[in-house]
Protein chains: 2
Amino acid sequence: MTRVLVIDDEGSILRALRINLTARKYEVVTASDGASGLGAMARARPDVLILDLGLPDMDGVDVIKGIRGWTSTPIIVLSAAGQESTKVAALDAGADDYVTKPFGMDELLARLRAAVRRASPGPDEPVVATEDFTVDLAAKRVARDGTDVRLTPTEWGLLEVLVRNRGRLVTQRQLLQEVWGEQYQTEGNYLRVYVAHLRRKLEPDPSRPRYLLTEPGMGYRFSCG
Amino acid sequence: MTRVLVIDDEGSILRALRINLTARKYEVVTASDGASGLGAMARARPDVLILDLGLPDMDGVDVIKGIRGWTSTPIIVLSAAGQESTKVAALDAGADDYVTKPFGMDELLARLRAAVRRASPGPDEPVVATEDFTVDLAAKRVARDGTDVRLTPTEWGLLEVLVRNRGRLVTQRQLLQEVWGEQYQTEGNYLRVYVAHLRRKLEPDPSRPRYLLTEPGMGYRFSCG
DNA sequence: ACCAGTGTTAACGTGGCGTCAAGATCACGG
DNA sequence: CCGTGATCTTGACGCCACGTTAACACTGGT
């Protein structure tokens, strides 16, 4: 089932979208401002995002940039008829499509289908393998030496973010925000504890990590080996 | 260079697109009806297609279907304002975007960029390469001779600013402000120390820098080699 | 030869990281 | 309703390395 995240502060639009999307067998998640929208994006992992530019708390273009920093999930922007420069800015920031209000529901649904279709030939390899263990993102399973490794929910959440961004450095703020939530962005302690847990369960030599690397002062990085 | 095929029977639009696209360094190929358009598609192998639905010889939706039979090249549909059902049909037939006439050229160009960006395999890797090392801005990673170079947060911050402004002179004030903060604008010492660090880690001959150049009295410049 | 701007080096204090372990909280079955 | 694990939170501590700083050497221009 395709999951859609709708970020919009207008109740009427939110309601209309929820009804229409649900009727067409989409799973709908909603948020009503930019900050919670970014959080929902990380938590719900939708297949496509419908984003209203006129949010109360953030500039819509900044929301797009924030999302494009770590995922290429399709973004369809919704906005009141306005300057052409706004469209250009949104599209150049990484939006995939731009629909002006008032819009026809059928058209939006068609654009939604187009966006999902485009993204579907998945660039996602759901299973990541190293020399010592494998991570199956779809099945949420980790195997080492042929047998499953038991991970707690928090451990898995942390590993998932790191593996999804494999090769890239993930800042502490981003990790805390995506695994624990908005308000935990300063609790650097959690990271140290849980990275240690993961290393003990996955690394061949936990004291000298090969995959879960620390970048002092900046964050952590999952190296594919 | 990105190659664009424009299929349109209106000379004025064709002309306007050709001028604007050429000015922006696109390679432009044109066709004025559906049949020759399909032929041009196969022959020219464009990176993106701009297709007017109102062609004299074929229904636009059939053109889209014909193309989608063998390639997933992005298609941006152009059409006179009309029924919503037409948009839906075009999008469901495999079009990627739909722009109604009259349209703003800037918006069309932005949608074009979005379509090309989406289609390109790696959504542009912001990797800057020199003969001696590479800097990956997204992954926050620097590699030299195939292996990663460890940079401290300050070193990375400094390098990032310089690389983002590659080729251009960056003043000391600007560097200090962006890496250390507003109130450090006079601490010229920091720059000398950390530029030295970077040169030791990156330059083939640190005493005679090739990439991290000093502009006496002004600031520093990153030269791509 | 002098000066201003620059490069180099080393010492010191602190912040961040890994580690451990004990309390708090939750989930589940008796 | 309580007990028992498992999981999550929180705090403490040692250690290393990063940032800061200062002292000194160098270079080109006048």
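In this text the structure is predicted, and so the values were computed from the model without any measurement. Quick note on labels: first sequence line is chain A, next is B, and so on, each numbered from 1. Side chains included, hydrogens not; waters and symmetry mates left out as well; all remaining heavy atoms used.
The distance between atom CH2 of A/Trp180 and atom P of D/dT7, rounded to the nearest whole Å, is 15 Å. Atom-to-atom, OH of B/Tyr220 to P of C/dT6 comes out at 6 Å; the value is rounded to the nearest Å. Residue B/Leu175 contributes atom CG, which lies 15 Å from atom C1' of C/dT6 at whole-angstrom precision. Going from atom CD of A/Glu215 over to atom P of D/dC16 covers 20 Å, rounded to whole Å.
When the nucleotides D/dT20, C/dC17, D/dG19 are ranked by their closest atom to the side chain of B/Thr154, D/dG19 comes out on top. Taking only side-chain atoms of B/Arg199, from C-beta outward, the nucleotide of D/dT21, D/dC8, C/dG7 with the closest atom is C/dG7. Considering only side-chain atoms of B/Val193, the nucleotide from D/dT9, D/dG11, C/dT9 that sits closest is C/dT9. Closest contact between the side chain of B/Pro153 and the listed nucleotides D/dG19, D/dA22, D/dG11 involves D/dG19.
Looking at which nucleotide of DNA chain D each of B/Arg192 and B/His197 is closest to, the 5′-most match is held by B/His197.
Residues A/Arg199 and A/Thr214 bring a donor and an acceptor atom of their side chains to less than 3.5 Å of each other. A donor-acceptor pair shorter than 3.5 Å cannot be found between the side chains of A/Thr147 and A/Asp145.
With respect to the salt-bridge test (charged N to carboxylate O, under 4.0 angstrom), the residues B/Arg68 and B/Asp96 qualify.
No engagement by B/Val195 is indicated, since no non-hydrogen atom pair under 4.0 Å with the nucleic acid exists.
The side chain of A/Arg150 contributes an N or O atom lying less than 4.0 Å from OP1 or OP2 of D/dT7.
With hydrogens and angles ignored, the 3.5 Å screen pairs no side-chain donor or acceptor of B/Glu203 with any backbone N or O of B/Arg208.
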